[in-house]
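All remarks here apply to the structure that follows.
Below, chains carry the letters A, B, ... as their sequence lines are ordered, and counting in each starts from 1.
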Amino acid sequence: MPFIPHTDEDIQKMLGAIGVNSIDELFAEIPNELRSDDGLGNVAEGMSEMEVSRLMKERAEADARTLCFAGAGAYEHHIPAAVWELTTRGEFYSAYTPYQAEASQGTLQLLYEYQTMMSSLTGMDVSNASLYDGGSALAEAVLMAVRANRKSKSRRVLMPRTVHPNYRRVANNIVKNQGIVLEELDYDREGGFIDPDNLPKDPGDFAALIIPQPNFFGVLEEVDALTNWAHEHKALVIAVVNPTSLAILTPPGEWGETGADIACGDGQPLGAPLSSGGPYFGFMCCRDSFVRQMPGRIIGRTTDLDGKEGFALTLQAREQHIRRSKATSNICTNQGLLVTAATIYMSLVGAQGLERVASACHENTLNLLDALADVSGSNKLFNRPLFHEAVIQLELPVEDVMRALSVQGIIGGVSLADDYPELGNAILVCATETKTAADIETFIAALQRIAKRLTANACPVQPKMA
Amino acid sequence: MPFIPHTDEDIQKMLGAIGVNSIDELFAEIPNELRSDDGLGNVAEGMSEMEVSRLMKERAEADARTLCFAGAGAYEHHIPAAVWELTTRGEFYSAYTPYQAEASQGTLQLLYEYQTMMSSLTGMDVSNASLYDGGSALAEAVLMAVRANRKSKSRRVLMPRTVHPNYRRVANNIVKNQGIVLEELDYDREGGFIDPDNLPKDPGDFAALIIPQPNFFGVLEEVDALTNWAHEHKALVIAVVNPTSLAILTPPGEWGETGADIACGDGQPLGAPLSSGGPYFGFMCCRDSFVRQMPGRIIGRTTDLDGKEGFALTLQAREQHIRRSKATSNICTNQGLLVTAATIYMSLVGAQGLERVASACHENTLNLLDALADVSGSNKLFNRPLFHEAVIQLELPVEDVMRALSVQGIIGGVSLADDYPELGNAILVCATETKTAADIETFIAALQRIAKRLTANACPVQPKMA
Amino acid sequence: MLIFEKSKKNRVNAPQAPLSEATRSGIPEQFRRKQRTNLPEVSEMQAVRHYTQLSQKNFSIDTHFYPLGSCTMKYNPRASNTLSMLPGFLGRHPESPDNLSQGFLACMYDLQEILKEVTGMKAVSLGPMAGAQGEFAGVAMIRAYHDARNDDARTEILVPDAAHGTNPATATMCNYKVKEIPTNSDGDVDIEALKAAVGPQTAGIMLTNPSTLGVFERRIKEIANIVHKAGGLLYYDGANLNAILGKVKPGDMGFDVIHMNLHKTFSTPHGGGGPGAGPVGVSERLEPFLPVPLVAKKDDEYYWLKEKDRPQSIGRLSTFMGNAGVLLRAYIYARLLGKEGMHRVAEFATLNANYMMAELKKAGFDMAYPNRLATHEFILTLKKQAKDLGVNTMDFAKRLLDYGFHAPTTYFPLLVPECLLIEPTETEALEDIDAFIEAMKAIQKEAETDAEKVKGAPYTLPVRKLDDVKAAKELDLSWKPAAQ
Amino acid sequence: MLIFEKSKKNRVNAPQAPLSEATRSGIPEQFRRKQRTNLPEVSEMQAVRHYTQLSQKNFSIDTHFYPLGSCTMKYNPRASNTLSMLPGFLGRHPESPDNLSQGFLACMYDLQEILKEVTGMKAVSLGPMAGAQGEFAGVAMIRAYHDARNDDARTEILVPDAAHGTNPATATMCNYKVKEIPTNSDGDVDIEALKAAVGPQTAGIMLTNPSTLGVFERRIKEIANIVHKAGGLLYYDGANLNAILGKVKPGDMGFDVIHMNLHKTFSTPHGGGGPGAGPVGVSERLEPFLPVPLVAKKDDEYYWLKEKDRPQSIGRLSTFMGNAGVLLRAYIYARLLGKEGMHRVAEFATLNANYMMAELKKAGFDMAYPNRLATHEFILTLKKQAKDLGVNTMDFAKRLLDYGFHAPTTYFPLLVPECLLIEPTETEALEDIDAFIEAMKAIQKEAETDAEKVKGAPYTLPVRKLDDVKAAKELDLSWKPAAQ
Ligand SMILES: Cc1ncc(COP(=O)(O)O)c(C=O)c1O
Ligand SMILES: Cc1ncc(COP(=O)(O)O)c(C=O)c1O
């Protein structure tokens, strides 16, 4: 039987030991009227592994071979082969949460190393062992900031519109239940950033300011000024950052005079494949003094009975299984395996390697922008320094262009039409280190062809000759 | 540096310890005129893993997505996912030959299990731990038989033409150096088998008879009669078998009155992907009494200082590193990793599973033959029972048909034109358990279209309408 | 040794990053990082060796029997991993347009359908990224439902005292007050207490059935009636569906909303802590509130439903589509099993648990609910051993590690003292279950004759018993380079 | 415990084979197997757990420093594995037509070109499946060459006494008599003895340079002249190319034929015993005899050269194309390294070996050739320890296992008594080399103070020292089911 090792003799022996005549008797406590023994009519019959393989290969094949210039929170990076060959080793892959520390030193030490790496990347004191993803990590950061801010009882948090729209949605969907209000800060139309000079002079009491760096548009925010402003108003600063960028950008721990208070974001760029949006992992770091307000698991180094170094879950009194309705969060299962991949990824690329990845991505996007500059009807928005991503305005309807590109297997970026209608026909583009000059050329050539065709079609008088 | 961990400080420290000023000095013993320090001009510069990945993906992609009805010694079977996920675990993948038994119990126990499985499959007493592939295993079997046959000093070995042509070539290329002659036995044109009734009445002294089962044409040989005949003439019997078939066919150990003396073949069907022909592995089993004549490594079960069970290389006195010019063979490195995969494969499919695989393949080939029977101009040769493979005669030139099929990504079998010209436009076809009814239809439809087109083109008067 | 202690300055594992420096920057100095990170500088081999060696220090399903109650540590088919990681799936960008996503969308749509059938609910959303987020989605829908009816008096969620900690924590995150309902001595909800607790302030009740006590709540229909009559909704914590797969459907029990832990019942790996997937299913009245995105189908074309298509939705809870790769694994598993396989899961999980309970009972161990049938798990209490021999549950647990078994869940549920919650799952063979029983007997004997030995365990693992108190007091949460 | 001991009759791991019985057979009873095989009947999880646990009992490159001399146990890049196992490569049938094989053929063609450049030879054939088969191909070509010239007096192959066992064994397989040439006290071939040995009966000489003594044969040109003048050919055993990659080419030394062990120098894995790949390179005069198949290129199209294209070829030595998947791994490695990387391999392999030799010398160990530079490896002799302390090389080797190091090669080459042949390779870090040196010092101290302890090693492995004599005497080569 699939995955079940019992032979007929086993079954008889076991039923005998229990003292029943059939397996069915073991379900005797379920009221009869509730039983649904033939109730899975809509589920197909089991398949062999070969048949399922064929099905899945066909389906995977159907979506393969795209050329992707979309970023917007999910970035295609080269993942060293060793990362997933190691991560999927059964001992990592099929272990549970390390509740029995002595039998889980592999996972626990790795998580401790992960915490160290994230602390270093963000410049913050401490890191937890992961949250679900970037959006939900931001939600948790907001809840945490409201809890942790001793100087303000406000449930207002300032949320720039330059934060990823889906992060804003997720955060709001989660925190609004607790009466927390995310108040939008609009961005400067020229720069695509939150202009520190235009911040409200008298913002009133608020618990925290969120600062994305780079922001959703790829634009660099004036993090120092923003951080100082928030701190002057007794608010905490929540940094939302791309971990790859931190190899070359100022880490949140060094923003402004005293640094951000909480840093969070999505760890996907660190070894997680695009994979339709998940599993990724949310990371969260904070100041030492806030560690007891942090949600999620935390690993500490300690010693065993013989004084030997070892690792264990610690500060569990914050968590739901101990504190129940008073816990810092309801999170239990996190994204351990992705953290495993990230830790191995960071070890393989190393300090210098991550800088190179970040720089190469950035350079590639600059190359893409140069090439786009030559496409008539395409226009870079925002005049600020950027990292690794940028907004382009098209003359033609975004939806038509994107659809035409997709037919050629090209994902030409992410349309901003729904979330930023004020920007017109705008798309967000990105070229990571995985894109070659030839890839960029393919994209540009397709874009030019499409522009020509769409312009022609839009032409009231059809040109005589094709 | 790629794969080299030395920092500049390390290098200085090490040079200092050695007492030289530069790495170059360490090459001082190489005569200057031989040095070629800029001599790799034709080798390209190193690439990053990402760049190499891109190159290899493009190349792999170029050869992908074929629909393959070729067998002829290499069979496409479903390989359970667990097989290679386990086989490529670093501890198996990156270990050397188990020279330090205590540090290699994993590999050694696995090989002992493999030997047990192969003994059971072939019905023979003992198995070695692998040879290179099927063809070279046959060569070793011939050398072994000539050594082992105490009753005959002959260097003649009878080789049916129903043995895989490449096996015959390889065997001959290897054994002819030692003056051994492989004398061909022709096959019956009706049955495609060695007719026991037509064997030479007075064959003279010969060391061994080779018996393939199923033979290259997929036809079943009269193994009992052949075995008895050889033994009556004091010759040994070398069985060449497909391991999958042994789940349902009589094992060599039970052929005739006393069984075959040596069994060999290619282990590819047991978990090795097609992979352009390798790495596969040769297997070899024999009677107890011949074990000291067997080439290759052998693992034995023994005990340690505390009396605990353990495993070690044994009977090494047969091997080149001890016996040198008197060794049973020069083989050293074998195909350990493939044996690892095969052992895991056999454990996963199990006794019943392998029967099902064999039966399903056979049934699928019968289905294919039924479908081919409806294609005009295609004709099954040979009227004997078969397993899993069959010869089809076409009316049209094989080469043209195969080329036309290949343009559609279909490998329609293997042409027999070069090796069996007497069979005319013949191909060897095979449909393993991996082929669906739809696959067979695709093949048949393509064949019909091609037949039509080629017949039309061959037509002296072109039909007026396409 | 930590990876950082193997690091050396300026060691570059060159092939893993672009080989040459980028030549353009355009990033002004003011935004640039001043000091390089502490990320390790090791060779590829050093990293591979380090993490291979670390992995070997773990117990896991692939190496050990792991009867961790409430966690359903069953075999994770390797095919689920291999096939979910096909390049076409790994390479799909979450914003990939529908016409380039039909393969993936088909899988998600099929999975929604399968889960609907399995739970007996009207509709399913796959987005939530673990059980706890599924709970959040569920309770947020309950809130949205009451809100939509302007019924804002409902401020309380009822939770049995045996509930998993995520239940009360979730209620709090949705701004509900938690009221605990006691359990009676048979492990069922105390119906009288429930009746006394419900009222116009009741938003709903969160139940697990089979409960975390390892028994099936027999009066579930009555409970449903009581809560529904009071205007509350029923939430089903479906973390532990393994015991009832195909046997009984939460929808038929009267539940309005359920989350499932695919990383348990549908055998996706737990990865040393995650990721999971916690899809939610709902009855008709909650359907409009389901979190987005959803997958729909029209004329054999699959497409997304997002915020604008679902105006009453509680919205999205993940940046994109939840843990898509986990969902693929669950889908593959479901296809391998098929309907008959799902029935078998429940049957053999239940058989294994009841056999184990029967044999341990015979061996003299006390069960928390000796008169009940076990479901997929059961609770044993070592109260007697703790009192008479001074050997407590944690000591037994640690000693089991020496015997080569991962310990069952300890000290949960909280209401049973000195308990072990044991869940063998259907994928364990009789031989291994018997070996575990023998180990328990052997430890019992050790406890009687040499209690100190048991209390000093483990002895054979990479470390001996760790000092948790020190870990929490002298916080050491990250490695710091020695001052240079 | 053996997998067979975990097996139970009629346990079927269903998903791994077709789920339903085949309904047609057509195979007459007389050909059918009567009794089912003994293959194990276990669940998928049981198999996974069994082989995962077994794997953990191995030392390997991914877990341990493995300085096994003459074996070049260096890091096997994971990318080589992942990329060589792309579906397009794994799925290619060996009889796939050229038009569906351009990707694979391009890799093989490129690899031929790279190996030509590296060895300085005129042409390369990739077919041989390991070093020993490469040797066979090489010596068979020597035979074919002499045969083609009707020079049938040549019946002898010269082999230095330090040679690897495959050399004389290969000569025998090609029906040559083996004549051993002694080595002088510096580790070089004894030139006078060589001069005395050559003659019209000399078919050729098989040499390794650097030799298995870990030193570079300095008078190689002179040797080449002597043999060539006598009408013999020079065979280069290139198993150990690691020390000279990019530094000196066998072609320039005067060799006529060479085999390479890609599973050493080109870092394909050894897989616990294999597979390897042993391509052969030849000078112009041997080119016609190269084994088939070869890959050629015309107008950017790649195609096979087979028997009919190469009438003088010694033919094929493998059923298809040798160990194609291993060749792909080597190709990937070569592209990752590039030319500069290849130079570095030789440089750092040599640096590591010389450093290690220098430090061990300082620690008081005796070197076999103390006045020579090490190449990629070197020989240490424990003659003194064996005589004075009664602790021999095998004892040191086993004790090293307890210290977490795989032992170097022991008792090879045969002519140096009580020797350890140590090859650290370029991928090991200074820290690990230092740790090995410290272990050697510690064992030396143990040998001086507590010899019995060393002689009883190992203590910390899955088994203690195994009884090889018993293994060979009471042959137990396969498990037998207990009589029922
Ligand atoms: C009964 C029960 N409910 C809820 C959860 C929470 O699920 P998750 O860990 O996936 O968030 C768990 C699992 O730990 C559980 O056992
Ligand atoms: C010097 C030398 N020659 C030949 C060989 C034989 O190579 P293989 O084991 O690949 O057959 C080896 C490796 O063991 C070797 O070290």
Side-chain angles (χ1 to χ4, degrees), chain B residues 5 10 14 18 29 40 42-43 45-46 56 59-60 62-64 80 90-91 93-97 102-103 105-107 116 119-120 132 135 166 173 177 273 275-279 300-302 304-305 310 314 320-321 324-325 327 330 333-337 347 350-351 353 356 359-360 363 406, chain D residues 16-18 22 37-39 41 47 54-55 57-62 83 86 88 90 94 97 103 117 129-130 132 165 168-170 172 174 178 216 248 269-276 315 319-321 323-325 338-339 341 347 350 355 358 429-430 461-464 466 471 476 478-479:
Chain B
D10 290 343
M14 294 171 85
I18 301 168
E29 293 190 3
L40 298 181
N42 277 342
V43 177
E45 283 184 14
M56 297 306 284
R59 289 190 173 172
D63 301 352
E91 298 95 320
Y93 184 79
S94 75
Y96 204 77
T97 301
E102 297 83 359
Q105 287 297 297
T107 289
T116 303
S119 297
S120 170
Y132 302 130
N166 278 355
N173 294 336
N177 292 284
S275 187
S276 291
R301 179 155 64 167
T302 182
D304 76 357
L305 275 185
T314 193
Q320 47 72 30
H321 63 286
R324 300 178 72 83
S325 64
N330 70 343
T333 289
N334 60 22
Q335 305 283 115
L337 199 67
S347 298
R356 290 192 168 196
S359 303
E363 173 162 291
S406 79
Chain D
Q16 303 298 12
T37 64
N38 274 338
L39 295 191
E41 299 177 275
L54 274 193
S55 78
K57 295 187 178 178
N58 272 1
F59 277 33
S60 67
I61 278 294
D62 279 8
L83 297 174
L86 288 168
L90 291 190
E117 181 78 1
M129 293 177 284
T170 299
T172 301
C174 292
V178 173
F216 191 87
V248 48
H270 213 276
T319 313
F320 301 110
M321 168 51 188
N323 284 333
K339 63 177 146 200
E347 288 167 3
T350 304
Y355 170 77
L430 176 56
L461 277 84
V463 289
R464 294 194 54 203
L466 288 163
D476 173 356
S478 63
W479 173 87

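- Counting heavy-atom pairs closer than 4.5 Å to chain D, the top-ranked of the candidates B:Ala327, B:Ser119, B:Ala360, B:Ala351 is B:Ala351.
- For B:Thr314, the part lying under 4.5 angstrom from a heavy atom of chain D is the side chain only.
- Residues B:Gln320 and D:Ala169 share a closest heavy-atom pair of CB-CB, 3.6 Å.
- With hydrogens and angles disregarded, no donor-acceptor distance shorter than 3.5 Å links the side chain of B:Asn177 to the backbone of D:Cys174.
- For the options B:Ser359, B:Pro279, B:Gly350, heavy-atom pairs under 4.5 Å to chain D are most numerous at B:Pro279.
- Here the options are D:Ile61, D:Leu54, D:Asn58, D:Asp62, the test is side chain to side chain contact (heavy atoms under 4.5 Å, CB included), and the partner is B:Glu91; only D:Asn58 passes.
- Across all non-hydrogen atoms, the minimal contact from D:Ala130 to B:Tyr132 is CB-CE2, 3.5 Å.
- Both the backbone and the side chain of B:Ser347 come within less than 4.5 Å of a heavy atom of chain D.
- When each of B:Pro80, B:Ser120, B:Gly135, B:Gly353 is scored by its heavy-atom pairs under 4.5 Å with chain D, the top score falls to B:Ser120.
- Among D:Ala47, D:Ala324, D:Ala17, the residue with the largest count of heavy-atom pairs under 4.5 Å with chain B is D:Ala324.
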Could you give me the CA-CA distance, side-chain angles and deciding distance for D:Asn323 and B:Gln335, then say whether side chain to side chain contact (heavy atoms under 4.5 Å, CB included) is met? CA-CA 9 Å; D:Asn323 284 333; B:Gln335 305 283 115; 3.0 Å; yes
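- The shortest non-hydrogen separation linking D:Ser60 to B:Ser94 is CB-OG, 3.4 Å.
- Among D:Ala132, D:Ala429, D:Ser55, the residue with the largest count of heavy-atom pairs under 4.5 Å with chain B is D:Ser55.
- A donor-acceptor distance shorter than 3.5 angstrom exists from the side chain of D:Thr172 to the backbone of B:Ser325, with no hydrogens or angles considered.
- The contact between D:Ala358 and chain B is made entirely by side chain atoms (from C-beta outward), counting heavy-atom distances below 4.5 Å.
- A distance-only check finds no donor-acceptor pair linking the side chain of B:Glu102 to the backbone of D:Leu461 [under 3.5 Å].
- The line from CG of D:Leu86 to CG of B:Asp63 is 11.0 Å long, rounded to the nearest 0.5 Å.
- Listed options D:Gly325, D:Gly338, D:Pro275 were ranked by heavy-atom pairs under 4.5 angstrom with chain B; first place goes to D:Pro275.
- Looking at heavy atoms from C-beta onward, D:Met321 lies out of side-chain contact with B:Ser276 at the 4.5 angstrom threshold.
- B:Arg59 places none of its side-chain heavy atoms less than 4.5 Å from the side chain of D:Leu83.
- What you find for B:Glu29 and D:Phe216 is that their closest heavy atoms are O-CD2, 3.8 Å.
- When D:Met129, D:Glu41, D:Glu347, D:Glu117 are compared by the number of non-hydrogen pairs under 4.5 Å with chain B, D:Glu117 comes out ahead.
- Counting heavy-atom pairs closer than 4.5 Å to chain B, the top-ranked of the candidates D:Gly88, D:Gly273, D:Pro462 is D:Gly273.
- D:Trp479 and B:Arg301 get closest at one heavy-atom pair: CD1-NH2, 4.3 Å.
- Only the side chain of D:Val178 comes within contact range of chain B, judged by heavy atoms closer than 4.5 Å.
- One distance of note links OG1 of B:Thr107 with NZ of D:Lys57; it measures 12.0 Å at 0.5 Å rounding.
- Closest heavy-atom contact between B:Leu305 and D:Arg464: CD1-NH2, 3.4 Å.
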